[in-house]
Number of protein chains: 2
Amino acid sequence: MAARGPYAKGLAKREEILEVALAHFAERGYDRASVREVARLAGLTQAGLLHHFSSKEELFLAVLQQRDDRLENPDEPRHTHSVGRLIEAVERNAYEPGLVRLFVSMSAESVESDGPARAFFEERYGWLRGELHADVSHRQKNGGFAPDLDPNDVASLLIAVADGLQLQWLLDPENVDMSRLLRVLWDALKRVPSPAESAELR
Amino acid sequence: MAARGPYAKGLAKREEILEVALAHFAERGYDRASVREVARLAGLTQAGLLHHFSSKEELFLAVLQQRDDRLENPDEPRHTHSVGRLIEAVERNAYEPGLVRLFVSMSAESVESDGPARAFFEERYGWLRGELHADVSHRQKNGGFAPDLDPNDVASLLIAVADGLQLQWLLDPENVDMSRLLRVLWDALKRVPSPAESAELR
DNA sequence: GTCTATATTTTGATAGAC
DNA sequence: GTCTATCAAAATATAGAC
């Protein structure tokens, strides 16, 4: 488990810093967070921390990247369970309010300025939309999903709901069940249009 | 149009300040925005502005409240067109990226700290959820909406999608059509479950 | 109502000793 | 790898003149 060699200590400290930095960024958001405070929480001075991460921005990006698990699950075939993995990820998030706060505030910040977060989130949304699109369109071919919906629209809606629910959940954790609501949406979207509705489309 | 009396000038300046403050907060977010810069844009010094709004927080809240139109439309019966009004509001927002940025970043910030924005958004979400709930449940009674969905769930999903789409739209305005997607969601949610699906529920 | 001037605080970052 | 010391640059807010 323990890494050996001349860098063992540095790496361990790096991990510790990332851990407390996540908590601090999550609690305060990027702007209000200070490198000094993260350092203090990690048992260092500000200058000591900046030996490991040479700027606030670098520290912040490292935190983001470490927690970006991308719903990976190498055991399952890609493209066929993305929706399920999204729901599972949302389920896990319900036990990590700090992480959710971080992503909410950072995604919001990413649209404000062309800062470090922007590229990260643009890339992330593109990737996620692609995964969900592949899943939905695969299900449509097999007849397990409403054939009249555009897979791109479905992907956008799923992502939007996941994001929007996080906000509601953070404001009122007791009364918002994120993964249940995501399933409600998914089940409703699956529905094949009734004959009457299909007729209306002509 | 012009107000008379001893306060006319003060009020006019107040309006002007609020206008440029909205733009500035929208562009920079609460933290990165500075009272100095708002003052400069309004043709004042910082101290001059603080005569009208005695703190940054007070200025910020005034901006939020002024732009919170609450989808009001006194002509229509309450409770029966909330969904339509939500869609219309989203449609209007597509022409005001600054306003959308403001609400996105402020709602994100509201969950970070118990600052001034928190109460505002909690109250706002509660109100909106109530409106949508009333609308959906009214439609269900008249047979115009899937009877098996919980109106509270539907309200949460609509709000979540509206919020989440704003984020995606800000990152990629060309390729995200907020109001169209909201309609896609609404049409899909309306669908009555097919007999086969109803059978599955037993 | 608006200004100038200033007090106070906080922050990110660097230099250099150990 | 971590520290002390320090710089330079913001920001909010206040005091008091006009």
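Everything numeric in this text was worked out from a predicted model, so none of it was measured. The sequence lines fix the lettering, A, B, ..., with proteins before strands; numbering per chain opens at 1.
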Interatomic distance, B:Glu58 CD vs D:dT14 P [rounded to whole Å]: 11 Å
Partners meeting side chain to side chain contact (heavy atoms under 4.5 Å, CB included) with A:Asn175 (sequence neighbours left out): A:Asp172
Whole-Å distance separating the NE2 atom of A:His51 from the P atom of C:dA15: 16 Å
Separation of D:dA13 P from B:Leu59 CG (nearest whole Å): 10 Å
Results of side chain to side chain contact (heavy atoms under 4.5 Å, CB included) for B:Ser54 - residues two or more places apart only: B:Glu58
With sequence neighbours excluded, residues passing side chain to side chain contact (heavy atoms under 4.5 Å, CB included) with B:Asp177: B:Ser179, B:Arg180
Which residues share a side chain to side chain contact (heavy atoms under 4.5 Å, CB included) with A:Ala33, sequence neighbours left out: A:His24, A:Phe25, A:Arg28
N/O (side chain, B:His52) to phosphate O (OP1/OP2, C:dT2) under 4.0 Å: yes
Sequence neighbours excluded, every pair satisfying ring pair (Phe, Tyr, Trp, His ring centres under 6.0 Å) that has a member inside residues 166-194 of chain A: A:Phe145-A:Trp186
Nearest-angstrom distance from the residue atom CZ of A:Phe53 to P of D:dG1: 12 Å
Nucleotides 4-11 of chain C: which of its N/O atoms have a protein N/O under 3.5 Å away?
none

Whole angstrom value for the distance that separates P of D:dC3 from NZ of A:Lys13: 8 Å
